[in-house]
Amino acid sequence: MTAPIAIIGTGIAGLSAAQALHAAGHEVQLFDKSRGSGGRMASKRSDVGALDLGAQYFTARDRRFVDVVQQWQARGWVAEWTPNLYHSRNGQLSASPDEQVRWVGSPRMSAITRAMLGALPVHFSCRITEVFRGTQHWNLQDAEGNSYGPFSHVVIAAPAPQASALLAAAPKLASAASSVVMEPTWTVALAFANPLETKVDGCFVQDSPLDWLTRNHSKPGRDGNPDTWVLHASSSWSKQHLDMPKEDVIEHLHGAFAELIDCSMPAPMFSLAHRWLYSRPASAHQWGSLADADLGLYACGDWCLSGRVEGAWLSGQDAARKLLAHLQ
Ligand code: FAD
Ligand code: NAI
């Protein structure tokens, strides 16, 4: 009997690879250090409902991704989001409508990866610290000292800095992954007892500590009270304030929000801050995925392509394609 394939990471890249390998008849086993799937597409459950703290929406430009998003839509996993879009430059807020189709998970961003995972076998709360090869097969070790294996192949679908640490068996791959700089993003979520009196649903921001803000409830399936907002700081502000205490981050970003929005700003009834340390690659690559086919070791993720949801999904497909091609 053939050993299963291990996949480290249950973000969209890892699940994209898992689905393709499973569909080709291979047994897969997934691992994630978090308590659930989604990675940077996860949604946080809170006292004010589910909040999309990472990816806010996504676009589909590549034909293969357009096709799969249409299938997701038919199954009810995603819905089109048609926000009243604005931009803010030098403190000037202006409507900024466009024709771009934008998608969100329904009823929350994490619905997509949850549905993709389905009944595939997964170990959550399991941080893999070592990927090592025996005479014929691969084994994994987690932070608690537990071992898993044997596996025929390993696909590492973690952000580049975390992937490079697991790629020691393939120094060229490790070196490519470690060359990728990933930038942080501070995120703040706020809830207001009474809806803010503004038409803004989403806003691209320049010349501010913020670079994006959105009314979480303007997305399909997220209605109800209270009125929740998600604010993203720019990479440069996040880098400069990486170790700022969460309360101070909330105060600063709430203040920046109050300065640019076109309505009065009450004190929030709820707030939280979340720091994404490896939020986005500083530049895009055209690698598809990284592979040492002879060893049977692969790495994929948004950092191998565009640094967006679409790039992550395509990268997972690319890793699966390379792995399957080598088996033929
Ligand atoms: P991830 O989602 O990071 O998944 C990696 C998984 O690996 C995680 O679940 C992690 O827990 C796990 N892992 C890591 N190390 C280990 C280990 N040692 N052992 C076990 N598990 C491990 N994209 C868009 O297209 N549109 C947007 O609007 C958008 N906004 C964003 C806003 C923010 C604040 C952030 C952070 C990202 C945003 N993105 C957006 C980017 C998008 O979220 C990512 O491109 C995409 O989700 C990356 O998917 P991935 O599978 O490559 O990685
Ligand atoms: P998109 O086409 O909607 O946006 C791309 C960029 O174009 C935006 O960042 C914005 O600068 C500009 N833009 C688009 N529509 C605009 C409008 N109506 N008015 C003014 N400016 C507009 O989506 P795409 O290409 O899929 O990008 C996804 C989004 O995710 C981007 O906003 C990107 O910044 C964000 N992102 C954030 C990350 C983070 O870590 N904070 C990581 C990866 C993506």
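Computed from a predicted structure; not experimentally measured.
By the 6.0 Å contact criterion, CG on N194 is open, its count of non-hydrogen atoms from other residues, nucleotides or ligands being 12 or less. The local environment of CG in D47 is sparse, with at most 12 non-hydrogen atoms from other residues, nucleotides or ligands closer than 6.0 Å. Annotation for R114: atom CZ does not count as buried by contact number, only 12 or fewer foreign heavy atoms lying within 6.0 Å. Annotation: Q100, atom CD; neighbour count of heavy atoms from other residues, nucleotides and ligands within 6.0 Å is above 12. Under a cut-off of 6.0 angstrom, the local environment of CZ in R75 is crowded, with over 12 non-hydrogen atoms contributed by other residues, nucleotides or ligands.
In this structure, NE2 on H87 lies 8.0 Å from CD on Q206, to the nearest 0.5 angstrom. The distance from atom CG of L140 to atom CG of N146, rounded to the nearest 0.5 Å, is 11.5 Å. In this structure, SG on C300 lies 9.5 Å from CD1 on I156, to the nearest 0.5 angstrom. Once rounded to the nearest 0.5 Å, the distance linking CD1 of I5 with CG of L21 reads 4.5 Å. Distance check, rounded to the nearest 0.5 Å: NE2 of H285 to OG of S306 gives 12.0 Å. Here CG of D62 is found 9.0 Å from CG of D67. Values are rounded to the nearest 0.5 Å.
Ring orientation note: the planes of Y57 and W81 are tilted relative to one another, at an angle of 30° to 60°. Classified by interplanar angle (parallel below 30°, tilted 30° to 60°, perpendicular above 60°), the ring pair H252/H241 is tilted.
Taking the side chain as every heavy atom from C-beta outward, S235 and R280 approach each other to under 4.5 Å. Using a 4.5 Å cut-off on side-chain heavy atoms (C-beta onward), D52 and V230 make no contact. Residues W303 and L290 form a side-chain contact, since some pair of their non-hydrogen atoms from C-beta on lies under 4.5 Å apart. Under the 4.5 Å side-chain criterion, counting only non-hydrogen atoms from C-beta, F270 is in contact with L51. Contact annotation: the side chain of D211 never approaches that of W237 to less than 4.5 Å [non-hydrogen atoms, C-beta and beyond]. Between L196 and R215, some side-chain heavy-atom pair lies under the 4.5 Å cut-off. For the pair H153 and L327, the minimum side-chain heavy-atom distance is below 4.5 Å. Within the 4.5 Å cutoff, no side-chain heavy atoms of R102 are placed close to those of Q56.
In plain terms, the two heavy atoms of L260 and S88 that are nearest each other are CB-OG, 3.9 Å. Annotation for G311 and L305: closest pair O-CD1, 3.5 Å, computed over non-hydrogen atoms. V66 approaches A60 most closely through the heavy-atom pair CG2-O, 3.5 Å. When all heavy atoms of P268 and H254 are compared, the closest pair comes out as CD-CE1, 3.6 Å. Listed here is the closest heavy atom pair of L190 and V188: CD2-CG1, 3.7 Å. Taking all atoms of both residues into account, the shortest heavy-atom contact from L166 to V131 is O-CB, 3.6 Å.
In this structure a side-chain-to-backbone donor-acceptor pair under 3.5 Å is missing from D227 to P195. Although no hydrogens or angles enter the test, the distance criterion places a donor-acceptor pair under 3.5 Å between the side chain of D318 and the main chain of S289.
Taking the six-membered ring for Trp and the full ring otherwise, the centers of F204 and W212 sit less than 6.0 Å from each other.
In the model, Q317 has a side-chain atom that pairs as donor or acceptor with a side-chain atom of S16 under 3.5 Å. Counted by atom type alone, T228 and H217 present one or more donor-acceptor pairs between their side chains at under 3.5 Å. A donor and an acceptor atom, one from each side chain of T59 and R308, are located under 3.5 Å apart.
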### Task
Could you walk me through whether V154 and R133 pass side-chain contact (heavy atoms from CB on, under 4.5 Å), step by step?
CA-CA 10 Å; V154 180; R133 201 172 160 81; over 6 Å; no
### Message
Before you tell me yes or no, could you show the steps for L213 and V205 under side-chain contact (heavy atoms from CB on, under 4.5 Å), namely the whole-Å CA-CA distance, both residues' side-chain angles and the distance that decides it to 0.1 Å?
### Response
CA-CA 8 Å; L213 58 92; V205 185; 4.2 Å; yes
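When the side chains of ILVMFWY residues are joined at heavy-atom separations under 4.5 Å, either directly or via intervening members, L210 and V200 end up in a single hydrophobic cluster. Taken together through direct or relayed side-chain contacts under 4.5 Å among Ile, Leu, Val, Met, Phe, Trp and Tyr, L167 and L295 form part of one hydrophobic cluster. One hydrophobic cluster, built from ILVMFWY side chains closer than 4.5 Å, holds both L314 and W103. M269 and W229 fall into different hydrophobic clusters, where Ile, Leu, Val, Met, Phe, Trp and Tyr are joined by side-chain heavy atoms under 4.5 Å apart, directly or via other members. Under the 4.5 Å side-chain heavy-atom criterion for grouping Ile, Leu, Val, Met, Phe, Trp and Tyr, V180 is not connected to V155 through any hydrophobic cluster.
Of the residues L117, V28, I112, the one that meets the side chain to side chain contact (heavy atoms under 4.5 Å, CB included) test with L15 is L117.
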